[in-house]
There are 2 protein chains.
Amino acid sequence: MPDVFRLLADPSRRRLLDALRDGERSVTDLVARTRMSQPSVSKQLRILRDSGAVTLRTAGRQHLYSIREGALREASDWLSYYDRFWREGLRRMDDALRDRPRPRTRRRR
Amino acid sequence: MPDVFRLLADPSRRRLLDALRDGERSVTDLVARTRMSQPSVSKQLRILRDSGAVTLRTAGRQHLYSIREGALREASDWLSYYDRFWREGLRRMDDALRDRPRPRTRRRR
DNA sequence: TAGATATATGTCCATATGGGTATACGAGTT
DNA sequence: AACTCGTATACCCATATGGACATATATCTA
């Protein structure tokens, strides 16, 4: 249900994730780094947590958040196709090109 | 302005992009493949086009859309950091892991 | 020109979303 | 216990979003 891309759609959540790249951070810490209000930070962290993107560790009265391994994997996987696609420079438009002046059919390698 | 992740946040747009992976497609074609209404398809294509994610080629009365090279590059780049992060197995959460029972790094199969 | 096909746009609507402010809650501290 | 710090939640609100339906526009065809 919780779509990874939906998560990443919000800049504030991305900023939070960016702020967490170097390791776990407390809420106050994140508030300082992201220029957001504390409630907003908590709200977005809640969303990130519910979606399994981050984990929470409680240390006294501090809540330390950290990125969960593989959280963005789904998004990354989806995009990886296009990455390969462009890097190899292979445009598989043969079908679409069929009604054009015969662009020389490519063979499967 | 037009955020790539915002684009990808909508499943219907992702379906459209998926349908375009193999090359350019007409609107009718996309309608058939995505099970969306024609106006919805056009609407989302409009958004994708305005954002520079797809390009349009007119052939008679058909509008042929195709993914624009490097359109999702920005998103991919952003994610690449985390990818590297996890693939190398480098979790800089030593502090956090300190009080856990040795999570044992997974080996590559 | 009339009609059919292909696509785009306009309008309306229901819903989701994110921020802000106030407030509640929990854990230390005195 | 009273107070303070750190964090979470509740509520309200303005806005964005996406879909459906009807309709407009453009291109071919008879």
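Letters A, B, ... mirror the listed sequences (proteins, then strands); counts begin at 1.
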> So, for M36(B) and R15(B), which heavy atoms are closest and what is the spacing to 0.1 Å?
Replying inline: CG-NH1, 4.2 Å

> Which heavy-atom pair separates S42(B) from V27(B) by the least distance, and what is that distance?
Replying inline: OG-CG1, 4.0 Å

> Could you give the CZ-to-P distance, from R6(B) to dT17(C), as a whole number of Å?
Replying inline: 11 Å

>> Less than 4.0 angstrom between a side-chain N/O of Y65(B) and OP1 or OP2 of dA8(C), yes or no?
In response: yes

>> Could you tell me how far apart R35(A) (CZ) and dG20(C) (P) are, to the nearest whole angstrom?
In response: 13 Å

> Which is true for R13(A) with a 4.0 Å heavy-atom rule: it touches a base, it touches only sugar-phosphate, or it touches nothing?
Replying inline: sugar-phosphate

>> With nearest nucleotide decided by heavy atoms, which residue, S37(A) or H63(B), maps closer to the 5′ end of DNA chain C?
In response: H63(B)

> Within this structure, what is the CZ-to-P distance between R46(A) and dG18(C), rounded to whole angstrom?
Replying inline: 15 Å

> Checking R21(B) against Y81(A): charged group under 6.0 Å from the ring centre and within 45 degrees of the axis?
Replying inline: yes

>> Tell me which residues in residues 38-45 of chain B lie within less than 4.0 Å of DNA chain D, going by non-hydrogen atoms.
In response: P39(B), S40(B), K43(B), Q44(B)

> Between dA8(C) atom P and L30(B) atom CG, what is the distance in whole Å?
Replying inline: 10 Å

> Do any N or O atoms from the side chain of R68(A) and from the backbone of A53(A) form a donor-acceptor pair under 3.5 angstrom?
Replying inline: no

> Along DNA chain D, 5' to 3', what are the outermost nucleotides having an atom less than 4.0 Å from a heavy atom of chain A?
Replying inline: dT4(D) to dT9(D)

>> Is there a path of hydrophobic side-chain contacts, each under 4.5 Å between heavy atoms, that joins L64(A) and I67(A)?
In response: no

Nucleotides 26-30 of chain C: which of its N/O atoms have a protein N/O under 3.5 Å away?
none

>> Keeping R25(B) on the side-chain end and L20(B) on the backbone end, is there a donor-acceptor pair under 3.5 Å?
In response: no

> For the residue pair P11(A) and D3(B), what are the closest heavy atoms and their distance?
Replying inline: CG-OD2, 4.4 Å

> R14(A) and D10(A): salt bridge (charged side-chain N to carboxylate O under 4.0 Å, His left out), yes or no, with the steps?
Replying inline: CA-CA 7 Å; R14(A) 259 175 292 151; D10(A) 182 40; over 6 Å; no

> Tell me: CG of D3(B) to C1' of dG18(C), nearest whole Å?
Replying inline: 15 Å

> Where is the tightest heavy-atom contact between A19(B) and L30(B), given as atom of each residue plus distance?
Replying inline: CB-CD2, 3.6 Å

>> Restricting to non-hydrogen atoms, name the atom on R6(B) and the atom on A9(A) that form the minimum distance, rounded to 0.1 Å.
In response: CZ-O, 3.7 Å

> Any idea which heavy atoms bring A71(A) and V4(A) closest together, and the distance?
Replying inline: O-CG1, 4.2 Å

